[in-house]
Every structure is written in structure tokens, then in C-alpha cells.
There are 2 protein chains.
Amino acid sequence: MTSTDRQPLRPTRQRIAVTEALASFDDFRSAQEIHDLLDRRGAKVGLATVYRTLQRLSESHEVDMLRTEDGEAVYRRCSDTHHHHLVCRECGATVEIEGPAVERWTNAMAAEHGFADVSHTLEIFGTCPRH
Amino acid sequence: MTSTDRQPLRPTRQRIAVTEALASFDDFRSAQEIHDLLDRRGAKVGLATVYRTLQRLSESHEVDMLRTEDGEAVYRRCSDTHHHHLVCRECGATVEIEGPAVERWTNAMAAEHGFADVSHTLEIFGTCPRH
DNA sequence: AGCAACATGAGAATGATTGTCAACTCGGCA
DNA sequence: TGCCGAGTTGACAATCATTCTCATGTTGCT
């Protein structure tokens with residue numbers, strides 16, 4: 001197992017603020033957007049801290065992180081089970097989806113070619129009913 | 001259909017060089033790496049041109065483009081059918097894989113939630129047998 | 001209280017990618 | 001063959017997200 005684990009995060013004012021911000025929206029947002037949100041709320045949190053916090057949270061799977069088509073990292077709070085996303089290209093609306101069959105398939109493919117330590121990324125993009 | 005199409009590319013010396021470079025390796029490489037490769041070969045092609053060419057080629061699906069975990073775009077020549085990749089985290093070795101079942105599944109999921117214009121990304125990472 | 005490890009913020013630094021724009025090339029066509 | 005407009009190119013500046021630095025706060029514990 002590749003050691004992804006670290007010490008538990010200290011519940012500092014800043015980290016709490018970031019977590020609360022994450023709880024206030026449902027779509028994927030960039031670190032900068034979250035930083036702006038905090039600013040507007042009056043929470044003084046440095047941009048670097050927002051980046052660091054989101055990074056740690058995504059490493060521990062407390063938030064989902066994915067990359068937009070132009071490579072920007074965006075974050076969103078998430079449930080604790082492994083899942084994927086159906087994301088609206090227009091408004092960012094997101095639906096978490098699970099697919100045991102897909103998980104099985106990726107593992108089978110990897111096994112078939114002798115790959116170990118397998119992980120995968122799967123995101124579905126489209127335009128939601130409202131668009 | 002979102003107009004992804006453009007005029008056919010003119011077969012300039014530079015574009016030919018990039019295409020040839022792409023034919024010379026099997027793994028995913030960044031625009032900068034490809035530029036270096038061209039340099040070493042003595043082909044004088046500007047970095048911006050390499051970026052522009054790769055972009056056009058990937059838009060027309062003549063090359064695959066995916067993002068590494070840190071968001072960098074990497075390219076690789078590809079077959080003309082829709083497919084995904086099994087990529088070695090260590091050496092970049094890549095296996096193209098197809099999964100009709102997955103395609104069906106993503107479409108079904110999108111349909112179920114009323115999403116239109118669906119596309120998806122799916123990449124599998126692991127360490128290949130040689131590592 | 002007192003210490004060591006962990007966190008933070010401001011700003012500089014990095015690095016990939018894109019924009020700018022004058023010079024150049026290509027593919028017709030008169 | 002010579003000319004023209006659209007498409008291309010290259011050198012370099014400009015963006016922009018993200019990371020690094022490091023001096024200064026905080027936290028958890030004893």
C-alpha cells in the first residue's frame with residue numbers, strides 16, 4: 001500500500017472554514033472560487049492554505065477532486081463510498097453514481113494485462129435536463 | 001453536434017515532423033517532451049507550434065490526450081476507434097482497451113438522469129508487469 | 001508555562017499553456 | 001508564371017493555476 005496516510009488534520013479555524021464552505025455548495029469548484037467564497041463570507045484564509053487544505057482533504061478522500069477539460073482542479077464534498085460523477089457541462093450540477101460492474105471491469109482489465117496497484121478515473125459529462 | 005470540425009490541416013513541414021515524432025513512441029508524452037524529441041532530431045519546430053498541432057490533432061481524434069495526475073496534458077497516437085487506456089504509472093507503458101459494456105453503462109446512466117450530449121473519460125492506472 | 005511539530009500567510013517562483021504579431025508559405029487562379 | 005488571401009509559424013511576452021519559502025502564529029501535550 002502506498003502510504004497516503006498522514007497525521008490527522010488539526011481542526012484549525014481555517015480548515016473548519018474550508019470545510020464549511022465545501023458544505024455550502026453541490027457542484028465542483030476550483031480552489032480559487034472557494035477562496036473567493038470564503039473571502040465574501042469574511043473568513044480570512046490565505047489562498048495557499050485553501051490549496052493545501054483541499055489537497056489534504058482529497059488525499060484522505062473527504063472531498064472529490066477532478067480536472068476540468070482544461071486541466072484545472074475542482075473540488076466537491078463527497079460521500080465516503082467509491083463513486084463516480086455525472087457532471088453538467090453547463091451548470092456544474094453533479095450526480096454521484098456507482099457502478100459495481102465498472103469496478104469489476106477495470107479490475108479485470110488490469111489483471112488481464114498484469115497490472116498491479118490499480119486505480120482509475122471515470123467521469124461522465126453532459127448537459128443536464130435544465131439545459 | 002458541437003462543431004469540432006475545421007479545415008483540414010495543411011501538411012506543413014512542422015506538422016509532418018510532429019506526426020512522425022508521434023509515430024516513434026508508444027507512451028503518453030507531454031508537448032514539451034515531444035518538442036525536445038524534435039529538437040534532438042534536428043527538426044526545427046517552435047514550441048508553440050507543437051502545442052497548436054497537438055491540440056488540433058487531438059480535437060480531430062488523431063491523437064489521444066489525457067491528463068496526468070498533476071494536470072499536465074500528454075499525447076499519444078491512437079487508433080481510430082473509441083477506446084480507453086491502461087497506463088503504467090512507472091514507465092508510461094500503455095494498453096488500449098475497449099469496453100462496449102462500459103460505453104453502454106455510461107450512456108444508460110446519463111439517460112437515466114436526463115443528460116444529453118454525453119461524453120466521458122475513463123483511464124486506468126497501475127504498475128505494469130515489468131515493475 | 002514551555003516545547004516541538006504543525007500551520008499559516010504574503011509574496012515570490014515555477015511551469016505549463018496561450019496570446020501577439022510580423023514574417024512566411026500554401027493553394028489556387030488570372 | 002506571378003500574385004493574393006487565408007492559413008502558419010516562431011520568438012517571446014503574458015497568463016494563470018499551483019507550489020514554494022520562510023518568518024511568524026498555533027496546537028497538543030506534559
Side-chain angles (χ1 to χ4, degrees), chain A residues 3-22 27-60 62-76 92, chain B residues 3-22 27-60 62-76 92:
Chain A
S3 72
T4 294
D5 309 321
R6 299 194 194 179
Q7 303 303 309
L9 296 186
R10 287 185 185 169
T12 64
R13 173 179 65 74
Q14 292 83 339
R15 303 223 245 238
I16 291 170
V18 170
T19 301
E20 288 179 350
L22 282 165
D27 46 352
F28 279 94
R29 308 229 179 148
S30 69
Q32 314 240 18
E33 287 171 331
I34 293 170
H35 177 250
D36 287 349
L37 181 59
L38 288 168
D39 246 14
R40 265 179 267 118
R41 288 190 174 190
K44 295 287 175 49
V45 183
L47 179 57
T49 299
V50 173
Y51 270 103
R52 283 185 291 235
T53 303
L54 289 171
Q55 219 162 245
R56 302 289 287 279
L57 289 175
S58 77
E59 277 171 14
S60 60
E62 289 172 67
V63 305
D64 290 326
M65 184 266 262
L66 63 81
R67 301 220 169 245
T68 61
E69 299 198 355
D70 50 323
E72 193 184 10
V74 286
Y75 306 82
R76 173 182 189 277
Chain B
S3 72
T4 293
D5 308 322
R6 300 193 193 180
Q7 304 301 311
L9 296 186
R10 286 187 187 168
T12 64
R13 173 179 66 74
Q14 291 85 339
R15 301 221 246 242
I16 292 171
V18 170
T19 302
E20 287 179 351
L22 283 164
D27 45 352
F28 280 93
R29 308 230 178 148
S30 70
Q32 314 239 20
E33 288 171 330
I34 293 171
H35 178 248
D36 288 348
L37 182 58
L38 288 169
D39 246 13
R40 265 179 266 117
R41 288 189 173 192
K44 295 288 176 44
V45 183
L47 179 57
T49 299
V50 173
Y51 271 103
R52 284 184 291 234
T53 302
L54 289 171
Q55 219 162 247
R56 302 288 287 277
L57 289 175
S58 78
E59 278 171 13
S60 59
E62 289 172 67
V63 305
D64 290 325
M65 183 265 260
L66 63 82
R67 302 219 169 245
T68 60
E69 299 199 355
D70 50 324
E72 193 183 10
V74 286
Y75 306 83
R76 175 182 189 275

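Atom set for the values below is all heavy atoms of this structure, side chains included, hydrogens, waters and symmetry mates excluded.
Under the 4.5 Å side-chain criterion, counting only non-hydrogen atoms from C-beta, A:Glu20 is in contact with A:Ile16. Within the 4.5 Å cutoff, side-chain heavy atoms of A:Leu54 are placed close to those of A:Leu22. Using a 4.5 Å heavy-atom threshold, the side chains of A:Leu9 and A:Arg56 count as touching. When side chains are defined from C-beta on, B:Thr12 does not count as touching B:Thr49, because their heavy atoms never get closer than 4.5 Å. Here the side chains of B:Glu33 and B:Leu37 are not in contact, with every heavy-atom distance at 4.5 Å or above.
The phosphate of D:dG10 (OP1 or OP2) has a side-chain N or O of B:Thr49 nearer than 4.0 angstrom. Distances shorter than 4.0 Å separate some side-chain N or O of B:Gln14 from OP1 or OP2 on D:dG10. Contact check, A:Thr12 against C:dC6: no side-chain N or O comes under 4.0 Å of OP1 or OP2.
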Pairwise N/O distances under 3.5 Å, protein to nucleotides 17-20 of chain C:
from	atom 1	to	atom 2	distance (Å)
C:dT17	OP1	B:Ala73	N	2.9
C:dT17	OP2	B:Tyr51	OH	2.9
C:dT18	OP1	B:Gln55	OE1	3.4
C:dT18	OP2	B:Gln55	OE1	2.7

With 3.5 Å as the limit, what N/O pairs link the protein to nucleotides 28-30 of chain D?
none

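Rounded to an integer number of Å, the gap from NZ of B:Lys44 to P of C:dC24 is 16 Å. When the C1' atom of C:dA16 is taken as reference, atom CD of B:Glu33 falls 12 Å away, rounded to whole Å. Between A:Arg15 atom CZ and D:dG25 atom P the separation is 18 Å, expressed in whole Å. Atom NE2 in B:His35 sits roughly 13 Å away from atom P in D:dT9 (whole-Å rounding). C:dC26 atom P lies 10 Å from atom CZ of B:Arg13, rounded to whole Å. Going from atom CD1 of B:Ile34 over to atom C1' of C:dA16 covers 14 Å, rounded to whole Å. Distance CG (B:Leu66) to P (C:dA16): 16 Å, rounded to an integer number of Å. Rounded to a whole Å, the CG atom of B:Asp36 is 10 Å from the P atom of C:dA16.
By the ring pair (Phe, Tyr, Trp, His ring centres under 6.0 Å) test, A:Phe28 is found to be paired with A:His85, residues two or more places apart in sequence or in another chain being considered.
A donor-acceptor pair under 3.5 Å is absent between the side-chain atoms of B:His35 and the main chain of B:Gly46, judged by distance alone. A:Arg15 places a side-chain N or O within donor-acceptor distance of the main-chain N or O of A:Arg10, the cut-off being under 3.5 Å.
For B:Gly92 against B:Asp27, the heavy-atom pair with the smallest separation is O-CB, 3.2 Å.
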